[in-house]
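This structure is a prediction, so every number in the text was calculated from the model and none was measured.
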Amino acid sequence: MKQTVMNLNPIGPPETGRHGRVAALRALPARIGRVFREMKKNKHAYALIAPYFLIFGTFTVFPVLMSLALSFTSFNMLEPPKWVGWHNYARLFVQDDIFLIALKNTLLFALITGPISYMACFLFAWLINELPPKLRALLTLILYAPSISGNTYLIWQTLFASDSYGYANSFLMKWGVIMEPIQWLQDPRFMLGILILVQLWLSLGTSFLAFIAGLQNVDRTLYEAGAIDGVRNRWQELWFITLPAMRPQLLFGAVIQITLAFSVAEISIYMIGFPSVDYAAHTIVTHLVDYGSIRFEMGYASAIATVLFTMMLCTNLLTRKLLGKVGE
Amino acid sequence: MNMKLIMKKRLNRSWAVDLLLFLLLGSVAFFMAIPLIFTISNAFKPIDEIFVFPPRMLVRHPTLKNFTDLVNIFSDSWVPFSRYVFNTFFIAITGTVGHVIIASAAAYPLAKIRFPGRNFLFSIVVMSLMFTAYVTQVPNYMTISWLNLINTYWAILLPSFGMTLGLYLMKQFMEQIPDALLEAAKIDGASEYRIFWTIVMPIVKPAWLTLIIFSLQSLWTNGSVTSHKYIYSEQLKTVDYVFGQVASGGLVRTGPVAAVTLLMMAVPITVFIVTQSNIIQTMSTSGLKE
């Protein structure tokens with residue numbers, strides 16, 4: 001028995017100092033051997049993951065690494081990339097005024113839509129879960145339909161059309177709120193607000209569905225046990241039982257909603273136009289599209305993407321910390 | 001007594017809060033539904049009702065003219081419409097089946113087997129979710145052309161097999177499966193492959209049904225974007241590409257465009273309705289309990 005314990009941990013507790021380092025170095029071959037044996041023992045695991053990671057590596061990891069590398073170069077897709085070091089990043093923060101507008105818009109957008117859409121996804125999934133099955137199916141469909149049905153968001157263009165044919169205008173004029181039509185989608189005062197509205201309309205998507213599936217997996221006997229242990233109202237039930245049981249889905253939802261909130265571009269381009277008036281609805285991703293697909297400055301575009309990625313990563317780490325406190 | 005408590009499932013509820021919450025739910029549902037109702041009603045409006053002033057939300061004299069106009073437009077194209085339909089279904093179904101199987105197979109070891117490199121691989125997956133697709137387009141195009149996949153179905157299928165979302169979702173769900181269940185199977189002599197296919201996959205049915213919805217939806221709605229980039233030959237294009245062509249036809253085509261919008265929306269929603277009833281039925285029978 002003692003033998004096996006020794007085998008599992010041949011190095012022992014980590015030592016410090018030069019002596020420890022030498023010992024660690026001496027134990028290295030044993031350690032490599034141990035890892036190798038572990039790998040051999042788990043060859044089925046590697047066989048199962050191999051197809052996915054081959055494709056994933058080719059079409060996701062490799063392009064991402066390449067784009068990270070390109071962010072330190074000047075590359076126009078015709079000539080070979082030229083190494084420029086941190087120049088792209090310096091230009092981004094020092095010279096590029098429009099980037100700063102985009103940064104401000106993106107942060108504003110993410111701060112509003114991110115938390116609201118995340119909580120809405122959970123709140124509605126949770127409320128729907130208590131309904132009788134038929135009603136639940138209907139409401140799930142209504143709430144989920146906007147995000148699933150492709151570019152139906154273009155309907156909002158008609159609703160907010162700038163002449164008096166637009167529904168919003170004709171409605172407001174009929175009730176005497178305004179005298180003449182408002183150019184909703186061209187007026188810098190309204191653009192970002194409308195984008196936020198449409199994004200929220202679209203936001204009950206992937207995470208919403210994952211939450212619904214997750215709620216159905218929560219063990220019902222937990223609630224009964226909770227009631228016996230003194231859970232008194234639905235809020236305590238939510239905090240102490242439902243949320244902790246759904247931690248994996250909550251994490252999944254957080255990553256998805258954060259990515260969504262930061263990478264808004266498509267609806268801005270199609271609804272408001274590109275570039276938007278006074279750059280009032282310009283976001284980091286539209287800036288990226290500008291340099292990546294119109295000016296073909298791939299190095300600079302890659303630097304923009306890297307900045308965006310860093311922002312998302314930090315937000316995710318923070319969210320992960322916060323979610324760790326759920327149910328405590 | 002206990003059984004009754006569970007069946008009731010309304011342990012700590014007060015009707016006042018119930019009412020308030022469901023009023024909230026109702027008003028949100030109404031807000032969400034307006035643009036959808038508008039889309040549906042628009043597709044059945046005759047041309048004079050589409051341009052009426054002041055605009056009306058609901059259709060007065062429904063007609064199918066927009067749909068027949070649409071059929072006439074398609075009958076002019078030199079590639080038969082059925083070919084686009086075939087392409088769409090082929091890509092959507094093959095892509096989805098491949099993705100669900102490949103991603104689930106990879107998710108099982110990541111969730112339940114301890115092997116060297118596991119955490120590293122998963123953290124790469126999570127991080128890649130945060131890298132926007134706009135900038136990886138160019139490297140991706142290069143890779144696909146190096147692999148000689150330009151102008152083939154594979155240019156769309158292969159990347160869709162390796163989408164990140166599916167793996168992540170499946171892994172999160174598989175983590176909730178009790179270890180005891182898997183160990184019992186191992187003691188009975190089942191191999192890892194067998195455990196994955198006959199025990200894990202049936203348990204996480206809600207998860208992969210959800211995944212089917214995501215995958216079908218993304219292949220259906222992003223089809224035009226991707227096929228635009230990697231596929232040039234008209235023979236291999238998909239339905240939504242053709243619909244997009246109709247939509248860019250301008251004012252004279254306002255009616256058919258309304259019909260197209262409805263059709264574009266109808267497909268993912270139909271898939272969702274069919275799959276959803278399955279997800280909901282799977283619930284309490286899923287065996288996730290210890």
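- Side-chain contact between A:Trp235 and B:Val17 is present, with heavy atoms from C-beta onward closer than 4.5 Å.
- Heavy-atom distances place no part of A:Leu215 under 4.5 Å from chain B, backbone and side chain included.
- A:Leu139 approaches B:Ala29 most closely through the heavy-atom pair CD2-CB, 3.6 Å.
- Interface check for chain A: of the options B:Ile269, B:Leu129, B:Leu147, B:Leu211, the most heavy-atom pairs under 4.5 Å are formed by B:Leu129.
- The minimum heavy-atom distance linking A:Ile142 with B:Met32 is given by the pair O-CB, 4.1 Å.
- Nearest heavy-atom pair, B:Ala103 versus A:Tyr52, reported as atom, atom and distance to 0.1 Å: CA-CD1, 3.9 Å.
- Using a 4.5 Å cut-off between heavy atoms, A:Phe262 makes no contact with chain B at all.
- Rounding to the nearest 0.5 angstrom, the gap separating the CG atom in A:Leu138 from the CD1 atom in B:Ile273 is 9.5 Å.
- Within the model, atoms CE of B:Met130 and OG1 of A:Thr315 stand 9.0 Å from one another, a figure rounded to the nearest 0.5 Å.
- Only the side chain of A:Val255 comes within contact range of chain B, judged by heavy atoms closer than 4.5 Å.
- Heavy atoms closer than 4.5 Å to chain B are found in the side chain of A:Thr60, but not in its backbone.
- Summarising the local packing, CZ of B:Phe31 is surrounded by more than 12 heavy atoms from other residues, nucleotides or ligands at distances under 6.0 Å.
- For B:Phe214, the part lying near chain A is the side chain, with the backbone staying farther off; criterion is any non-hydrogen pair under 4.5 Å.
- Proximity to chain B is limited to the side chain of A:Leu308, based on heavy atoms less than 4.5 angstrom apart.
- Both the backbone and the side chain of A:Thr206 come within less than 4.5 Å of a heavy atom in chain B.
- Interface remark: A:Leu288 contributes side-chain atoms only to the contact with chain B (heavy atom separation under 4.5 Å).
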Considering only distance and modelled atom types, tabulate donor-acceptor pairs under 3.5 Å from the side chains of residues 44-51 of chain A, sequence neighbours left out.
from    : atom 1 : to       : atom 2 : distance (Å)
A:His44 : ND1    : B:Tyr193 : OH     : 3.2
A:Tyr46 : OH     : B:Pro116 : O      : 2.6

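- A:Ile55 has its side chain out of reach of B:His99: every pair of non-hydrogen atoms, C-beta onward, lies at least 4.5 Å apart.
- For B:Leu169, the parts lying near chain A are the backbone and the side chain together; criterion is any non-hydrogen pair under 4.5 Å.
- With rounding to the nearest 0.5 angstrom, the CG atom of B:Leu149 is 6.0 Å from the CZ atom of A:Phe59.
- Residues A:Phe56 and B:Leu167 have side chains not in contact (no heavy-atom distance under 4.5 Å, counting atoms from C-beta outward).
- Using a distance-only test at 3.5 Å, with no hydrogens or angles considered, no donor-acceptor pair links the side chain of B:Gln172 to the main chain of A:Gln249.
- Contacts between A:Val61 and chain B at a heavy-atom distance below 4.5 Å involve the side chain alone, from C-beta outward.
- Within a 6.0 Å radius of CH2 in B:Trp154, no more than 12 heavy atoms belonging to other residues, nucleotides or ligands are found.
- Interface check for chain A: of the options B:Thr143, B:Ile102, B:Asn42, B:Val126, the most heavy-atom pairs under 4.5 Å are formed by B:Ile102.
- The parts of A:Leu251 that come within reach of chain B are both its backbone and its side chain, each placing non-hydrogen atoms under 4.5 angstrom from that chain.
- There is no contact between B:Val267 and chain A, counting heavy-atom distances below 4.5 Å.
- With a threshold of 4.5 angstrom between heavy atoms, A:Leu123 approaches chain B through side-chain atoms but not through N, CA, C or O.
- Separation of atoms CZ (B:Phe131) and CE (A:Met312) is listed at 9.5 Å; rounding is to 0.5 Å.
- With sequence neighbours excluded, no residue forms a salt bridge (charged side-chain N to carboxylate O under 4.0 Å, His left out) with A:Lys43.
- With rounding to the nearest 0.5 angstrom, the CD1 atom of B:Ile144 is 10.0 Å from the OG1 atom of A:Thr58.
- For A:Ala245, the part lying near chain B is the backbone, with the side chain staying farther off; criterion is any non-hydrogen pair under 4.5 Å.
- The residue among B:Leu25, B:Val271, B:Ile113 with the most heavy atom pairs within less than 4.5 Å of chain A is B:Leu25.
- Nearest heavy-atom pair across B:Phe173 and A:Gly214 is CZ-N, 3.7 Å.
- In this structure, chain A has heavy atoms under 4.5 Å from both the backbone and the side chain of B:Thr164.
- Here CD1 of B:Ile213 is found 5.0 Å from CG of A:Leu209. Values are rounded to the nearest 0.5 Å.
- Only the side chain of A:Phe75 comes within contact range of chain B, with heavy atoms under 4.5 Å apart.
- The heavy-atom pair separating B:Met127 from A:Phe309 by the smallest distance is O-CE1, 3.4 Å.
- Contact of A:Met39 with chain B is made through backbone and side chain together, with heavy-atom distances under 4.5 Å.
- In terms of heavy-atom pairs under 4.5 Å with chain A, the best-connected choice from B:Leu110, B:Leu262, B:Asn140 is B:Asn140.
- Using a 4.5 Å cut-off on side-chain heavy atoms (C-beta onward), A:Asn42 and B:Arg118 make no contact.
- In plain terms, the two heavy atoms of A:Tyr144 and B:Gln217 that are nearest each other are OH-OE1, 3.7 Å.
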